[in-house]
Amino acid sequence: MAYWLMKTEPDAFSLQDLQQRGQEPWDGIRNYQARNFLRSMQIGDGVFIYHSRVPVPGIVGTAEVASTAHPDPTQFDPQSKYYDPASRLDQPRWDLVDVAYRQTFAHNIALDSLRAMPEFSDSLLVRKGNRLSILPITAGQWNHVLQWAG
DNA sequence: GCCAACGTTGGC
DNA sequence: GCCAACGTTGGC
C-alpha cells in the first residue's frame, strides 16, 4: 500500500469531473519520472488529487488507484494532443493508470498550508520550480493531511 | 498573462 | 556527450 499525489488543472479535468465519472484513465503523462511512478502503483493505493494553476493551488480530495499501469492509448492517436509520434506500438513509451474517485475535502488543503507542515519539508511538492505532476506521499503525510482535512 | 525553472531535443 | 534552443509547467 503506497500513497501518491496527482496534479490536475481543474479547467481541463477537476476532482468534480472525476466524481461525476467515478473512474478515469489518467492519460497524458509525458514525463519519465512521473511515468516510472505510475509503473510502481498498485490497485488500492491512495491518491491525493491536487489542483494546479488556480488562485489557491492545493489538495482538494482523494482517489484511489484502480488499475496497474498499461499503455496510454493517446500516445498513438494523431488527433490527440498527447500524440507521441516517436512511440512505437510494440514498445509503448507512456503508461497510464485508472483512478477512481473517493472523496472531496470540505476544505482544500492549500499549498501554503502544506508548506507549513513539517511533514512536507522534504517533499518535492514544496520545492521551488517543481513541475512533477505525480509524486510519492509518505504515510505520515497522508495521515496528517487527512487529519487536517477533518 | 508573465516568466522562472525545468525536461527534452537535436546539431555538432 | 555537450549544451543551446525550445516547449511546458505551474505559482504568482
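Quick note on labels: first sequence line is chain A, next is B, and so on, each numbered from 1.
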Under 4.0 Å protein heavy-atom contacts per nucleotide of nucleotides 7-12 of chain C, with B for base, S for backbone only and - for none
BBBBB-
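Residues of residues 78-97 of chain A that place a heavy atom closer than 4.0 Å to DNA chain B, in numerical order, are A:Arg93.
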Please step through side-chain contact (heavy atoms from CB on, under 4.5 Å) for the pair A:Asp11 and A:Arg53, ending with a clear verdict.
CA-CA 9 Å; A:Asp11 285 351; A:Arg53 282 197 72 100; over 6 Å; no
For the pair A:Arg30 and A:Thr74, evaluate side-chain hydrogen bond (donor to acceptor under 3.5 Å, both in side chains) and give the outcome as yes or no after the intermediate values.
CA-CA 11 Å; A:Arg30 297 291 182 270; A:Thr74 64; 2.9 Å; yes
Secondary-structure notation, DNA chain B, from Watson-Crick and G-U pairs under 3.5 angstrom (| other strand)
||||||||||||
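A salt bridge does not link A:Arg35 to A:Asp72: none of the charged nitrogens lies less than 4.0 Å from a carboxylate oxygen.
When the options A:Val60, A:Leu125, A:Ile109 are evaluated for a side chain to side chain contact (heavy atoms under 4.5 Å, CB included) with A:Tyr50, the one that passes is A:Leu125.
Ring geometry, A:Phe37 versus A:Trp4: the interplanar angle falls from 30° to 60°, so the pair is classed tilted.
In this structure, the side chains of A:Trp94 and A:Ile29 stay at 4.5 Å or more apart for every pair of heavy atoms. Considering only heavy atoms from C-beta on, A:Leu132 comes within 4.5 Å of A:Asn31 through its side chain. Contact check for A:Glu24 versus A:Tyr101: no side-chain heavy atoms found under the 4.5 Å cut-off.
Residue A:Lys128 is the one, among A:Lys128 and A:Tyr32, whose nearest nucleotide of DNA chain B lies closer to the 5' end (criterion: closest heavy atom).
Open room surrounds CG on A:Asp122; 12 or fewer heavy atoms of other groups in view lie less than 6.0 Å from it. Atom NE2 of A:His70 has more than 12 neighbouring heavy atoms from other residues, nucleotides or ligands inside a 6.0 Å radius.
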